[in-house]
Amino acid sequence: QAKHDGRNCWRLYHPSMKEQIVQRRELENELRDAIHANQLQLVYQPRYDVHSGKVATIEALIRWPHPRLGLLMPDQFIPLAEDTGLIFQLSDWVLATASQDAVEHFGTLSVAVNISAIEFRVSGFVSRIHHVLATSGLSPSRLEIEISENTALSDPDRVTEIILSLKSIGVRFLIDDFGAGYASLSYLHAFPFDGIKLDKSFVIPTDTSESARRVVENIVGLGKAFSLHITAEGVETEEQLTYFESLDCDALQGYFIGRPVPLGELKQHLSMQTTSPTCPEQAD
Ligand code: C2E
Ligand code: MG
Ligand code: MG
Ligand code: MG
């Protein structure tokens, strides 16, 4: 009877496990091919600078139009890329493409690229950045690196050295999804970041929740105590825009200001030279 149950159990369990492994392997191979065949795409989202009242930075976000599975979002393949080491090739492609687009199409605006914390674990990060700057001709002061954390930053001394080395030529470093990842108060102390991006899970509920507003006000105060540049991400409503401006945040990003769009569409927005986030259809 145990044998019987066991067999039934295996019949349900075994094929799906095997299938999962095969599917993952297949996706890994397809991702490797897609990187080399230039089949990944970037969409670009504006970041609005509160002080100048203008868009000052454009963030690159990756997409994978998969032939069988449709448009894949980063959450569906970045973890795989991190696990398999493909993240390095993927990031090099993102850095090269975003830098080139910035030089050709973004005028004087900065470009922000997302880099996984895991990429700081092996040596070579500094030379990868020098290489992309040399190849694209992008001024280092126009490049921002947003560190997103599926794993914690380890080895503070080494990471600090990397950050300082690139900061000395003008590259800026932001810690992404602040409040939701591994980053904590001790992080702000340990690493010489230029700024933080407040995670959207804190930003979105400020419309309705008093306690969410109190948490946000404390994080903003904390950032200011460390003299950090503060971005609120996930600004979806006019109320949120007004609220975060009143908190003296430095920059705002979110669907209310602008959704991530392909390069062609971004160029149209930029050519309209919109200065106010509240009337994006109004040319100067
Ligand atoms: P992130 O860097 O924090 O980017 C913000 C995410 O929130 C993006 O999702 C963006 O499309 C979305 N978003 C922007 N404004 C709003 C809003 O107002 N409301 C809501 N609900 N969402 C908003 P996306 O594009 O799916 O990217 C998810 C994450 O994947 C990114 O979070 C980033 O951590 C990672 N990622 C994206 N591109 C890359 C990349 O090239 N390399 C690496 N390593 N990671 C990437
Ligand atoms: Mg980001
Ligand atoms: Mg974020
Ligand atoms: Mg994120």
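Each ligand, and each atom within it, is numbered from 1 in the order the structure gives.
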- Could you give me the CA-CA distance, side-chain angles and deciding distance for L31 and L40, then say whether side-chain contact (heavy atoms from CB on, under 4.5 Å) is met? CA-CA 9 Å; L31 180 58; L40 300 180; 4.3 Å; yes

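- Nearest-residue assignment for atom 42 (N) of ligand 1 (options N114, L72, D199, L40; heavy-atom criterion): N114.
- Closest approach between the Mg ion (ligand 3) and any N/O/S atom of D176 involves OD1.
- For the pair I62 and ligand 1, the shortest N or O to N or O distance falls below 3.5 Å.
- Contacts of V94 with ligand 1, taken as heavy-atom pairs under 4.0 Å, involve the side chain alone.
- Residue contacts with ligand 1 for L61 involve both N, CA, C or O and side-chain atoms from C-beta outward (heavy atoms, distance under 4.0 Å).
- Listed by atom number, the atoms of ligand 1 under 4.0 Å from P74 heavy atoms are 24 (P), 25 (O), 26 (O), 27 (O), 28 (C), 30 (O), 36 (N), 37 (C).
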- Item | Step-by-step ring-ring contact (aromatic ring centres under 6.0 Å, His included) determination, F191 to F173 | CA-CA 10 Å; F191 301 104; F173 286 83; over 10 Å; no

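- Residue E59 approaches the Mg ion (ligand 2) most closely through its N/O/S atom OE2.
- E82 and S116 share a donor-acceptor pair across their side chains, judged by distance under 3.5 Å alone.
- Note on ligand 1: S91 sits outside its first shell, no heavy atom being nearer than 4.0 Å.
- Those atoms of ligand 1 with a heavy atom of P260 less than 4.0 angstrom away are 11 (O).
- Proximity of R259 to ligand 1, defined as any heavy-atom pair under 4.0 Å, is not found for any part of the residue.
- With respect to the Mg ion (ligand 3), D177 has OD1 as its nearest N, O or S atom.
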- Item | Step-by-step side-chain contact (heavy atoms from CB on, under 4.5 Å) determination, N114 to I62 | CA-CA 9 Å; N114 292 282; I62 199 163; over 6 Å; no

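- Chaining together hydrophobic side chains whose heavy atoms lie under 4.5 Å apart places V43 alongside L61.
- Counting the atoms of ligand 1 from 1 in the order shown, those under 4.0 Å from a heavy atom of E233 are 3 (O).
- Heavy-atom contacts of D176 reach the following atoms of ligand 1: 1 (P), 2 (O), 3 (O) (cutoff under 4.0 Å).
- Residues T231 and T57 form no side-chain contact, since every pair of their non-hydrogen atoms from C-beta on lies 4.5 Å or further apart.
- Using a 4.0 Å cut-off to heavy atoms of S148, the atoms of ligand 1 that qualify are 34 (O).
- The atoms of ligand 1 that sit less than 4.0 Å from any heavy atom of S116 are 44 (N).
- Other residues, nucleotides and ligands contribute over 12 non-hydrogen atoms within 6.0 Å of the CD atom of E217.
- Residue-level proximity to ligand 1 for K197 is absent, since no heavy atom of it falls below 4.0 angstrom.
- Using a 4.0 Å cut-off between heavy atoms, V43 makes no contact with ligand 1 at all.
- S110 and R172 are linked by a side-chain donor-acceptor pair at a separation below 3.5 angstrom, with hydrogens and angles left out of the test.
- At a heavy-atom cutoff of 4.0 Å, ligand 1 is contacted by the side chain of K200 but not by its backbone.
- Closest approach of Y44 to T97, counting heavy atoms only: OH-O, 4.0 Å.
- In terms of polar-atom proximity, E236 is counted as a contact of ligand 1, with an N or O under 3.5 Å from an N or O of the ligand.
- For E233, the N, O or S atom closest to the Mg ion (ligand 3) goes by the atom name OE1.
- None of the N, O or S atoms belonging to S148 lies under 2.8 Å away from the Mg ion (ligand 2).
- With sequence neighbours left out, the salt bridge (Lys or Arg N to Asp or Glu O under 4.0 Å) criterion links R25 to E28.
- Atom OE1 is the N/O/S atom of E146 found closest to the Mg ion (ligand 2).
- Counting atoms of ligand 1 from 1 in the listed order, those under 4.0 Å from a heavy atom of E59 are 2 (O), 4 (O).
- Heavy-atom proximity to Q45, at under 4.0 Å, picks out these atoms of ligand 1: 14 (C), 15 (N).
- Checking side-chain atoms of H189 against main-chain N and O of L185 turns up no donor-acceptor pair under 3.5 Å.
- Remark: R259 qualifies as a cation-pi partner of Y255 under the 6.0 Å distance and 45° angle criteria applied to the six-membered ring.
- Taking the charged nitrogens against the carboxylate oxygens, E210 and R213 do have a contact shorter than 4.0 Å, which makes a salt bridge.
- The pair E144-K197 does not count as a salt bridge, with every side-chain nitrogen at least 4.0 angstrom from each carboxylate oxygen.
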